[in-house]
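Remember, it's 1-based here, ligands and their atoms both numbered in the order they're listed. Nothing here was measured: the structure is a model prediction, and the numbers come from that model.
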Amino acid sequence: MSKRTHEFTEDDLHRGPAKDTAGGPTAVAVSMRRSLEHMGPIRTARTLLKLNQADGFDCMSCAWPDPDPGERATAEFCENGAKAVAEEATKARATPEFFARHSVAELDAHSEWWLGQQGRITHPMVRRPDATHYEPIGWDEAFRLIASELDGLESPDDATFYTSGRASNEAAFAYQLFVRAFGTNNLPDCSNMCHESTSIALQESIGIGKASVTLPDLLGAELIVIAGQNPGTNHPRMLTQLEHAKQNGATILTINPLREAGLNRFKNPQTPRGVVGNGTRLSDMHLPIRVNGDIALFQAIGSLLVEWDALDHPFLERYTHGFAEWRDHVADVDWDVVTEATGLTRGQITDAAALLRDSRSTVFCWAMGLTQHRNGVATIKELVNLALAQGNIGKPGAGLFPVRGHSNVQGDRTMGIWERVPQSFLDSLQREFGFDPPREHGFDTVDSIRAMRDGKVRVFVGLGGNFVQAAPDTDVTAAALRNTLLSVQISTKLNRSHLVGGRTALILPTLGRTERDVQESGPQAITVEDSTCSVHSSRGPLQPASPHLRSEVSIITGMAEATLGDRYGIDWSGMRADYRRIRDHISRVVPGCESYEVNARRPGGFILPHPPRDSRTFDTASGRGEFEVSPIEVVQVPEGHLLLQTLRSHDQFNTTIYGYSDRYRGIEGGRHVVFAHREDIAALGFADGDHVDLVTRWDGDEHVRCAQGFRLVAYDVPRGTAAAYYPETNPLVPLDATARKSNQPASKSVVVRLTVAGEVDCDPAGVQGAVGGDWLHKSRPEVAHLS
Ligand SMILES: Nc1nc2c(c(=O)[nH]1)N[C@H]1C(S)=C(S)[C@@H](COP(=O)(O)OP(=O)(O)OC[C@H]3O[C@@H](n4cnc5c(=O)[nH]c(N)nc54)[C@H](O)[C@@H]3O)O[C@H]1N2
Ligand SMILES: Nc1nc2c(c(=O)[nH]1)N[C@H]1C(S)=C(S)[C@@H](COP(=O)(O)OP(=O)(O)OC[C@H]3O[C@@H](n4cnc5c(=O)[nH]c(N)nc54)[C@H](O)[C@@H]3O)O[C@H]1N2
Ligand code: SF4
Ligand SMILES: [Mo]
């Protein structure tokens, strides 16, 4: 395995036509090439044959569910699952010698891709105050250092404890226990930036923030609506299930500003037809919606369903609340506002509504295209309104399906990683462990950044993730992290967040999912939960990347022992020695997890209870499914500006850049591209291929945000909108531009202006005409019209 040392330059950028089909033999070829490059043949065989098998390990990439054990294929994974495995099980190593050779400043000059290529971190490392380099540190000294910084804080609330959604249930449970025993609910997580709008909307409208479907529901649906999601890249095995659903007679309606290849057509590489034929057409109808137009679309569809009386009246009467208000509201929908907000014609919307009318069971799938907007919560509630109107909750083949991102982001929440966990959960913790946990809500991700920026939070601990790249407003977030006394990152691989730490910065290297986890009592398994509330166990096959690595559970319990001593008599070393002890606690603390050990360790695991799905029971204010009336709000995009959404390429996992090939969109060898409509490009005085910078300004802020060095790509996006990759565009997302109620960064609707590259020095005074004001009309009247 050779470490790549050269960086991609602009000359590497190569553009071809966008594809209209996902999967096929190329997907297999790419999986194999990347696997062999990083892992060699033996590790490739050892890992891929165990991936997503009942006796193997759970894919650490996305949270797509596995079929029942009896129905799994020998190769039950996709191209991007294989890439995730290769990235973790790589033979490359970032050793103490590597850190001695490169100063932090030198490392910081490299791309995120290059940092990842340096391989697995082998030793605990520390960058001491004013040092230029990281140096090795012993585990005990590292724990003592953490304990002494935490101990020196005025209040436990002066520390914040972030979690990325890859942590196991066992690690997550132990972590929240440590943090609450320490005395704070400051437990921000990646979910705050991901499906937080979903969690809030579903909690309020159906009483539980999770999907109301299982895999068989998807397979049995008459209609599948996929809004704001790009499964061909981000949940590739979903395409296999969609193909099966189509074979069972399903119709698919897709709603997306982009005609993503995976939504259109799929060649299943495991079938002969997928290798030599044209594959299967997936989407029967595609709505190329304007960015953030979904709430208008859903209300317009609602008005037609009401007009046609395509409603489930018995369900409405028995199980819902607020229907009449919603009916009157949507009946009044202003079609001029709708067509302008959506960029769709009345005819297109009517055809789509007819699909809902004619379906007896509809599954609604969505992801970041709906959540990452200022009105993300209202948008999702509007989708729930449609589901309630037709009784599509709690019956076979129907339901709400927020498709989760990180493989265990949902499980982490179930285990109590949540800054505003319900009081009942805290009561259970108190009963089990005999201490009174803090009761006030803690800081979420955005509030943690504010608190670090303002010098209130002085210690940052990250259980996985890459905070500085994932969070909005990169410069602000970086300054906030640098403002801390101590930053601790529990990580597998090097990333930018290690280079912008606090006065003292620690990297604690940990085992990944692919690796064997052996503790005092023997080999350990961990458990995880997927998007459909299915919980199962996972066990890695490989020898750890270095003998100095510790498991996440071991690191967390080590920090806890050093910090808390024997406070409250919690048996940290017992939990570390045998994870069954943690699962035993889980069985008594976490609702729905009774007999956890037996159920979760059974092949295929078990499904957590979900009252609306199981019995049409709604734990809401009214005890029924809640309709909510929301105004149609539309982002104001002034002359000369575009509405930018930030999305993922086919060759990354969030901030981890696997490579520079966004194959389905025809982009190779570069990531600094902005997709815009050909006519907008011309109208703004540019040409396809021009070099541009992106600038924006937020709400009277003097500071102008810039992202520099992009190439314009003429692409099939709705007029007035643009798309570019995350995380490169995060410097443009203002910290305060968050969704109402969920405080989730609105990273899919950023108003930007294009400028000639280099024209602007990114100094506030230098930028004329970047849009000012809260473009999402904080103080506007109830129904906002486009200007
Ligand atoms: N390979 C791979 N897999 C992943 C990830 C990864 O980075 N790489 N990330 C994981 C994580 S954490 C997550 S959360 C998921 C993310 O999965 P997705 O949500 O599918 O990812 P995104 O690329 O952010 O964008 C989703 C889609 O939303 C569309 N969209 C943008 N704005 C709008 C809008 O206003 N309305 C509508 N209707 N659509 C819109 C975009 O065109 C895009 O197709 O994937 C998970 N899986
Ligand atoms: N502009 C914009 N910003 C976004 C988004 C967007 O669409 N647009 N999406 C948001 C979303 S949906 C999410 S989920 C967040 C993602 O935010 P994060 O979860 O913080 O980011 P990741 O890139 O997934 O984290 C990658 C790092 O995790 C570490 N890691 C990998 N595996 C393991 C492991 O097994 N254990 C431990 N301890 N560490 C490990 C590695 O060091 C790696 O560098 O970003 C958000 N930010
Ligand atoms: S669909 Fe997601 S969980 Fe399944 S193999 Fe692919 S990346 Fe992994
Ligand atoms: Mo996510």
* Where the side chain of N730 meets the backbone of Q469, is there a donor-acceptor pair that is under 3.5 Å apart? -> yes
* Pick out which of K19, R665, E79 makes a side-chain hydrogen bond (donor to acceptor under 3.5 Å, both in side chains) with H650. => E79
* To do: Check N230 against ligand 1 and report side chain, backbone, both or neither, counting heavy atoms closer than 4.0 Å.
  => both
* Protein contact to atom 43 (C) of ligand 1 [nearest heavy atom, distance to 0.1 Å] -> E260 OE2, 3.5 Å
* Okay, side chain of S448, backbone of D444: is any donor-acceptor separation there less than 3.5 Å? -> yes
* Structure fact -> Counting heavy atoms under 4.0 Å, the part of H235 that contacts ligand 1 is side chain
* Validation row, ring centre Y660 to ring centre W114 under 6.0 Å -> no
* Structure fact -> Ranked by distance from atom 22 (P) of ligand 1, the top protein heavy atom is R648 NH1, 3.6 Å
* Asked: K83 near ligand 1, heavy-atom distance under 4.0 Å?
  -> no
* Between D294 and ligand 1, which part of the residue brings a heavy atom under 4.0 Å of the ligand: side chain, backbone, both or neither? -> side chain
* To do: Mind checking whether Q372 contacts ligand 1 via backbone (N, CA, C, O), side chain (CB onward), both or neither, at a 4.0 Å heavy-atom cut-off?
  => neither
* Measure up the F710 and H672 rings against each other and bin them: parallel (under 30°), tilted (30 to 60°), perpendicular (over 60°). => tilted
* In terms of residue, atom name and distance, what is the protein heavy atom nearest to atom 35 (O) of ligand 1? -> N292 N, 2.7 Å
* Taking only residues two or more places apart in sequence or in another chain, which ones pass side chain to side chain contact (heavy atoms under 4.5 Å, CB included) with T214? -> P216, D217, I607, R613
* To do: Could you list which atoms of ligand 1 come closer than 4.0 Å to a heavy atom of T233?
  => 1 (N), 2 (C), 3 (N)
* Take atom 2 (Fe) of ligand 3 and tell me which protein N, O or S atoms are nearer than 2.8 Å. => C62 SG
* Asked: With F57, which of I526, N52, V85 fulfils side-chain contact (heavy atoms from CB on, under 4.5 Å)?
  -> V85
* The one among G405, A84, C190 that brings a heavy atom closest to atom 15 (C) of ligand 1 -> G405
* Measure the distance from atom 19 (O) of ligand 1 to every protein heavy atom, then report the residue, atom name and distance (to 0.1 Å) of the closest one. => M368 N, 2.9 Å
* Looking only at heavy atoms, is any part of V403 under 4.0 Å from ligand 1, and if so is it the side chain, the backbone, or both, or is it neither? -> neither
* Number the atoms of ligand 1 from 1 as they appear, then name those within less than 4.0 Å of a heavy atom of V291, with their elements. => 35 (O)
* Apply the salt bridge (charged side-chain N to carboxylate O under 4.0 Å, His left out) test between E196 and each candidate in R740, K741, R404, R413; give the one that qualifies. => R413
* **Residue R678 excluded, over 12 heavy atoms near CZ under 6.0 Å** => no
* Which residue and heavy atom of the protein sit nearest atom 34 (C) of ligand 1, plus the separation -> G369 O, 3.2 Å
* Asked: Can you name the residues that form a side chain to side chain donor-acceptor pair (under 3.5 Å) with H235, not counting sequence neighbours?
  -> Q229
* **Partner residues of R34 under the side chain to side chain donor-acceptor pair (under 3.5 Å) criterion, sequence neighbours left out** => D651
* Nearest neighbour of atom 5 (C) of ligand 1 from the list F653, Y726, Y658, on a heavy-atom basis -> F653
* Asked: Do K493 and E87 pass the salt bridge (charged side-chain N to carboxylate O under 4.0 Å, His left out) test, and can you show the C-alpha distance, the side-chain angles, and the key distance before you say yes or no?
  -> CA-CA 9 Å; K493 296 184 81 176; E87 192 75 14; 3.0 Å; yes
* Asked: If you count the atoms of ligand 1 from 1 in the order shown, which ones are under 4.0 Å from a heavy atom of H373?
  -> 34 (C), 35 (O)
* Considering only heavy atoms of N80, which atoms of ligand 1 have at least one such atom less than 4.0 Å away? -> 1 (N)
* Option with minimal heavy-atom separation from atom 26 (C) of ligand 1, where the choices are C78, G228, S164 -> G228
* Structure fact -> Rounding to 0.5 Å, atoms CG (D351) and CG (L344) come to a distance of 11.0 Å
* Asked: Are the side chain of D680 and the backbone of G720 linked by a donor-acceptor contact shorter than 3.5 Å?
  -> yes
* **Donor-acceptor under 3.5 Å (R513 side chain, C59 main chain)** => yes
* Structure fact -> Of all protein heavy atoms, the one nearest atom 12 (S) of ligand 1 is N654 ND2, 3.3 Å
* To do: Report the part of K748 (side chain from C-beta onward, or backbone N, CA, C, O) that has a heavy atom under 4.0 Å from ligand 1; answer both or neither where that applies.
  => side chain
* For atom 47 (N) of ligand 1, what's the nearest protein heavy atom and its distance? -> N234 O, 2.8 Å
* **R259 (side chain) donor-acceptor with N264 (main chain) under 3.5 angstrom** => no
* **Under 4.0 Å to a heavy atom of N256 - the qualifying atoms of ligand 1, by number** => 27 (C), 29 (C), 41 (C), 42 (O), 43 (C), 44 (O)
* Asked: D189 side chain to T163 main-chain N or O, any donor-acceptor pair under 3.5 Å?
  -> no
* N/O of P257 under 3.5 Å from N/O of ligand 1, yes or no? -> no
* **Part of Q645 with heavy atoms under 4.0 Å of ligand 1, whether side chain, backbone, both or neither** => side chain
* Side chain, backbone, both or neither: the part of L51 lying under 4.0 Å from ligand 3 by heavy atom -> neither
* Residue, atom name and distance, where the atom is the protein heavy atom closest to atom 8 (N) of ligand 1 -> Q652 O, 2.7 Å
* Asked: Would D66 and R237 pass as an ion pair if we require N to O under 4.0 Å?
  -> yes
* Going by the order shown, which atoms of ligand 1 are within less than 4.0 Å of some heavy atom of C194? -> 14 (S)
* To do: Could you please spell out the steps behind the side chain to side chain donor-acceptor pair (under 3.5 Å) verdict for N466 and E112?
  => CA-CA 10 Å; N466 182 2; E112 207 62 39; 3.0 Å; yes
* **Residue R72 excluded, over 12 heavy atoms near CZ under 6.0 Å** => yes
* To do: Number the atoms of ligand 1 from 1 as they appear, then name those within less than 4.0 Å of a heavy atom of C62, with their elements.
  => 47 (N)
